[in-house]
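Reckoned from all heavy atoms, side chains included, excluding hydrogens, waters and symmetry mates. Chain naming here is simple, since letters A, B, ... match the order of the sequence lines and numbering starts at 1 in each. Here the structure is a predicted model, which is why all the values come from computation and not from measurement.
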Amino acid sequence: MPSDEALAAALANDLDSAFEALALAWEHRLYAFALRMTGRPRDAEELAEETLVQAWRALVGYPPERRRALRLRPWLFQIVANLARNRARSARRNETLSLDVEAPGGAEEPSAAHAAERIADDDPLGNPEAALAREQRLADLAALLLTLPATQREVVILRHVEGMGYAAIAEVTGEPIGTVKSHASRGVARLRLALERERVAAAQEAYS
Amino acid sequence: MKNDDERAGRSGALTTARGLLADCRALGDAQTSAPIAEGALIRAGLADAYLTIETPLGLVYVAWNARGLSAVTRAESAAAFEAKAYRLLGRRVYHNAAPPQRLVDALSAWLAGDEHAPLSFDLRGQTPFMRAALLKAREIPYGEVRPYSWIAREIGRPGAVRAVGTAMARNPAPLFIPCHRVVRADGHLGAYGLGGPASKRAILSAEGLDVDQLEALAESGVRYVVSESGDSYCYPTCQHAYSIPPQRRITFASEAEAQRAGYRPCNVCRPPEAQLAS
């Protein structure tokens, strides 16, 4: 897979073929990010595709030197994040009867969502029971992420799922680095707390 | 005495506080089979590129994308090809007047007999069976032929000889996926999508195969050959057999006959083993 710098340079030289390379190099990462943001595979596919189309339209209008200077990851993730926010907002507007104000990640269909996604296993030869348990564990964690407030969720995903640095995340969200860090640590603390509660509840269930 | 994990019940399946960050990272590996990039490329007006290349069968149009060759065919004009490719691929193709040199070199090298020419193929539209059959055809050496049944057996579907024929007929990249090297077991060349049997004969001849000799052998019932000094039976075009002069050649009409005479299947061209009744 070409590096982001190489891709940006190629975009400056030969936009058409470099964009094809970009689309193929990024489609899964954009999808994964969109999936963690929305929780819905179909939405994530649409968001990822829409992101590439918007990126293409923007790139066509950029002069070569601007394309060369692009930091692709924050730039692309920013498009995903904006699209996801807009989508969540219009979804809320449309759901006039719904009392659900926060979770844009449709908590109503988590099982379908997670059944449809595949998580690349580090050890495909390992025993299937462990793989299944891992898949379930990750699906539970993905669902838990969706319960975070949108601002925290976005930052936690960028930091801990995508592994981005705080400076790059600040580029995505347009917030000061300090704010980004505080979203991240609050989000993680919230996840830890929720996991601890679930663990205790599960343990009690087992004893009862 | 239950151990902790059993007592904890379902909690064994929960992310632990310590495993949280590692599990978060794993969430980034989600993949989809949805054609996101393709959808975007089509919507962006981007699709496959194509070039034309001179071959033993005349001018051929070759469409490709980042995954590899997607469509190879002859056409009366560029417009005719573009229309045909759109029908075949469901996306547009653009003429690339300055194709990557690496690709041009690889295409030429392959046509000249270089089996290691770095070519890849976009076989997304094909079933796994079709893909297996097509890629298996690429293992037939330049200037040699194998029966449809060889492909079927090699890909683990010995009963699917007809389906192999269908797969070859639908080959999206003839010449580069050399379905012309797949022939009928009775020695007849069989059908060929890129211009019919005459073209199949022409391309095999261009690869140095003596098609007349091959047909004459098949006509006289020969399926396998062995050299006087050899101990294994081969398809007649196998590199181990092709150069055997007729006077030093022992021929067989079936694998059973060859095996009864004490020969084993060649492990280069891999003809079938006979199912001999004991």
Side-chain angles (χ1 to χ4, degrees), chain A residues 16-17 19-33 35-36 41-42 44-45 48-53 55-57 60 116-120 122 133-134 136-138 140-142 144-145 156-157 159-163 188 191-192 195-196 198-203 205-207, chain B residues 2-50 64-68 70 91-100 102-103 120 122 124:
Chain A
D16 282 23
S17 57
F19 185 78
E20 190 170 25
L22 180 151
L24 290 169
W26 276 91
E27 59 176 343
H28 289 298
R29 282 186 282 175
L30 296 175
Y31 169 79
F33 178 47
L35 179 65
R36 297 317 165 202
R42 283 295 300 276
E45 285 161 13
E49 183 181 307
E50 186 62 32
T51 296
L52 287 171
V53 173
W56 166 252
R57 290 184 187 141
V60 170
E117 67 175 273
R118 291 180 297 111
I119 293 167
D122 298 336
R134 176 175 186 271
Q136 184 58 48
R137 194 180 74 228
L138 293 177
D140 288 347
L141 179 60
L144 195 59
L145 269 174
V156 168
I157 291 170
R159 179 77 189 102
H160 296 295
V161 177
E162 299 300 337
V188 169
L191 289 178
R192 290 218 160 98
L195 286 168
E196 204 39 57
E198 281 192 49
R199 184 172 280 280
V200 169
E205 207 179 294
Y207 277 118
Chain B
K2 286 178 171 185
N3 68 28
D4 273 8
D5 268 1
E6 278 174 327
R7 246 182 287 142
R10 195 179 155 285
S11 74
L14 281 173
T15 295
T16 60
R18 211 172 346 141
L20 176 61
L21 298 187
D23 279 355
C24 275
R25 287 309 284 265
L27 290 179
D29 293 334
Q31 295 207 349
T32 174
S33 55
I36 291 170
E38 286 72 28
L41 290 170
I42 290 164
R43 287 176 60 198
L46 293 173
D48 294 9
Y50 73 87
W64 83 93
N65 56 42
R67 288 183 158 90
S70 55
R91 58 183 179 269
R92 281 191 283 171
V93 290
Y94 293 101
H95 183 238
N96 187 335
R102 276 187 43 191
L103 174 62
S120 57
D122 180 4
R124 278 170 298 162

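How far NE2 of A:His160 is from CG of B:Asp23: 13.0 Å, rounded to the nearest 0.5 Å. Rounded to the nearest 0.5 Å, atoms CG (B:Leu20) and CG (A:Leu144) are 8.5 Å apart. Atom CD of A:Glu20 and atom CG of B:Asp48 lie 6.5 Å apart (nearest 0.5 Å). Note that the CH2 atom of A:Trp56 and the CG atom of B:Leu41 stand 8.5 Å from one another [nearest 0.5 Å]. Note that OH of A:Tyr31 is 7.0 Å distant from CD1 of B:Ile36, once rounded to the nearest 0.5 Å.
Ranked by non-hydrogen atom pairs under 4.5 Å with chain B, the options A:Leu191, A:Leu22, A:Leu141 are led by A:Leu141.
Shortest non-hydrogen contact noted between A:Leu24 and B:Arg67 is CD2-NH1, 3.3 Å. Between B:Leu21 and A:Arg192 the shortest heavy-atom distance is CG-NH2, 4.3 Å. When every heavy atom of B:Ala40 is checked against every heavy atom of A:Val53, the shortest pair comes out as CA-CG2, 3.8 Å. Residues A:Leu35 and B:Ala30 approach most closely at CD2-CB, 3.8 Å, considering heavy atoms. Taking all atoms of both residues into account, the shortest heavy-atom contact from A:Ala32 to B:Gly28 is CB-O, 3.4 Å. The heavy-atom pair separating B:Ala37 from A:Glu27 by the smallest distance is N-OE1, 2.8 Å.
Using a 4.5 Å cut-off between heavy atoms, A:Ala21 does not touch chain B at all. For A:Val188, the parts lying under 4.5 angstrom from a heavy atom of chain B are both the backbone and the side chain.
By the 4.5 Å heavy-atom criterion applied to side chains, A:Val161 and B:Arg25 are not counted as neighbours. Taking the side chain as every heavy atom from C-beta outward, A:Leu145 and B:Leu27 approach each other to under 4.5 Å.
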